[in-house]
Protein chains: 2
Amino acid sequence: MPESVALDPVDLHILRMLQNDARTTYRELAAEVGVAPSTCLDRVARLRRSGVILGHRLQLDPARLGRGLEALLLVQVRPHRRELIGPFVERIRALSESRALFHLTGPDDYLVHVAVADPTDLQRLVLDEFTSRREVARVETRLIFQQWECGPLMPPAAGRRSPAETTETRPGPSAP
Amino acid sequence: MPESVALDPVDLHILRMLQNDARTTYRELAAEVGVAPSTCLDRVARLRRSGVILGHRLQLDPARLGRGLEALLLVQVRPHRRELIGPFVERIRALSESRALFHLTGPDDYLVHVAVADPTDLQRLVLDEFTSRREVARVETRLIFQQWECGPLMPPAAGRRSPAETTETRPGPSAP
DNA sequence: ATTGAAATGAATTCTTC
DNA sequence: GAAGAATTCATTTCAAT
């Protein structure tokens, strides 16, 4: 359902600028990209409407908010059924300590990125909000030494094809 | 070094609003919080200077950018020495597929959040950028079914104390 | 779809409290 | 620090292309 959107060089340039600083004005954008400010406005509006741009979010420093310790929790939820995972997800999302939540393939069902004050706070969180829940079969805690947000998210460069220069074994919409 | 910053209710209200929508105007902010727009401006400027606010970033939909498949890669880098992990981190950060990178405690040294076009693209990424590197001892790939960004990051509620209402075994700055 | 100019409204400065 | 008025500047609209 989330269908890929066609983007021209102007859109890409605008997105790169805005990912760097989402407060860049349409004037600056226009000057940099080489179109009129009103065009930038129009492009950004369309990128929003088409769903490429989801929103503008503030980036905060957890450490300065008294949450200097971050961790990833790998969680098994068993049995892995909708009736149990729905409420689990809602509860975890609502925790003030949660920064992100992933539902995954593999031995661990969920990965939760949390930010806490200190080890005692982390212990409290794990014991009170995770292992105390009946559906939580296992929690593995991994501390974060350091983290990086990576460069601008951009469309894949077209025309790669590396593991096996040969044609696919499973057809797909076959080429002539 | 990243020292916690004291925040009053006005700061907290402003941060909550801006996390919800970072483009909220100072006028709206002022109306909602109950102070003058110029005061909001001043507060936000100070929050930026104090390092609480790191920046304003655009939130994009990877699927609409042709990156409809996301995964977490658990990576062991061996030997785990600075000379090897420095270049590894730089290379991974520079990949257009990387969204985030974590240096962790535990059996896996790094967790890499990637966004790719499809399984073939993921296979290429793992083989060409990870397992082909000499320092990469092991990669475990976990697909992301679904993900959530969690509610506003806020300072920890003061005055909890749950696992053992008793006093700590290890002293710390002892209470009278 | 893009423009440039006009109008609307927001960000920012400054003086006063 | 905070407020309010005044200024500067950005956003948004619109008629024309």
Side-chain angles (χ1 to χ4, degrees), chain A residues 2-61 63-66 152-156 158, chain B residues 2-61 63-66 152-156 158:
Chain A
E3 209 34 68
S4 186
V5 171
L7 301 170
D8 70 13
V10 171
D11 293 317
L12 293 175
H13 202 154
I14 289 174
L15 287 176
R16 261 196 305 274
M17 303 256 85
L18 287 178
Q19 279 184 92
N20 187 45
D21 177 6
R23 294 193 318 169
T24 311
T25 67
Y26 293 118
R27 277 156 176 264
E28 289 178 278
L29 231 45
E32 173 73 28
V33 175
V35 295
S38 52
T39 303
C40 285
L41 180 72
D42 197 66
R43 293 299 189 113
V44 171
R46 272 190 288 141
L47 288 167
R48 291 186 137 269
R49 276 198 305 274
S50 66
V52 172
I53 295 176
L54 294 171
H56 296 239
R57 303 195 105 216
L58 212 59
Q59 206 187 4
L60 299 184
D61 182 349
R64 308 247 178 201
L65 289 166
L153 180 62
M154 282 287 130
Chain B
E3 208 34 68
S4 187
V5 170
L7 300 171
D8 71 11
V10 172
D11 292 317
L12 293 176
H13 202 155
I14 289 175
L15 287 177
R16 261 196 305 276
M17 304 255 84
L18 287 178
Q19 277 184 95
N20 187 43
D21 177 6
R23 295 193 318 167
T24 310
T25 66
Y26 293 118
R27 279 154 178 261
E28 288 178 277
L29 231 46
E32 173 73 29
V33 176
V35 294
S38 53
T39 303
C40 284
L41 181 72
D42 198 64
R43 294 299 190 113
V44 172
R46 271 191 287 141
L47 288 167
R48 291 185 137 270
R49 276 198 304 275
S50 65
V52 173
I53 295 176
L54 295 171
H56 296 239
R57 304 196 105 216
L58 211 60
Q59 205 187 4
L60 300 184
D61 182 350
R64 309 248 177 198
L65 288 168
L153 180 63
M154 281 287 130

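Just so you know, these numbers use all the heavy atoms, side chains as well, and skip hydrogens, waters and symmetry mates. Sequence lines set the chain letters: A, B, ... in the order given, protein chains first and strands last, and positions in each chain run from 1.
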What is the distance, rounded to the nearest whole Å, between atom [atom1] of [X] and atom [atom2] of [N]?
X       : N      : atom1 : atom2 : answer
B:His13 : D:dA2  : NE2   : C1'   : 18 Å
B:Leu41 : D:dA5  : CG    : C1'   : 15 Å
A:Arg27 : C:dA11 : CZ    : P     : 15 Å
A:Asp42 : D:dT13 : CG    : P     : 11 Å
B:Leu29 : C:dA10 : CG    : C1'   : 13 Å

Quick one: is [X] getting a side-chain N or O under 4.0 Å of the [N] phosphate, OP1 or OP2?
X       : N      : result
A:Thr39 : C:dA1  : no
B:Arg46 : D:dA2  : yes
A:Arg23 : D:dA10 : no
B:Arg43 : D:dG1  : no

Among D:dT11, C:dA11, D:dT13, which nucleotide sits nearest the side chain of A:Tyr26?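 Output: D:dT11.
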Look at all strands and tell whether B:Ser38 reaches a base, only sugar-phosphate, or nothing, counting heavy atoms closer than 4.0 Å.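 The residue B:Ser38 makes base contact.
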Answer yes or no: is there an ion pair linking A:Arg43 with A:Asp8, defined by an N-O contact shorter than 4.0 Å?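 Counted as a salt bridge, because a side-chain N and a carboxylate O are separated by less than 4.0 Å.
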Please check this pair: side chain of B:Gln59 against backbone of A:Ile53, looking for a donor-acceptor N/O pair closer than 3.5 Å.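 Answer holds: no.
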Need to verify one output field. Residue with the more 5' nearest nucleotide on DNA chain C, A:Ala36 or B:Pro37?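 Counting from the 5' end, the first nearest nucleotide belongs to A:Ala36.
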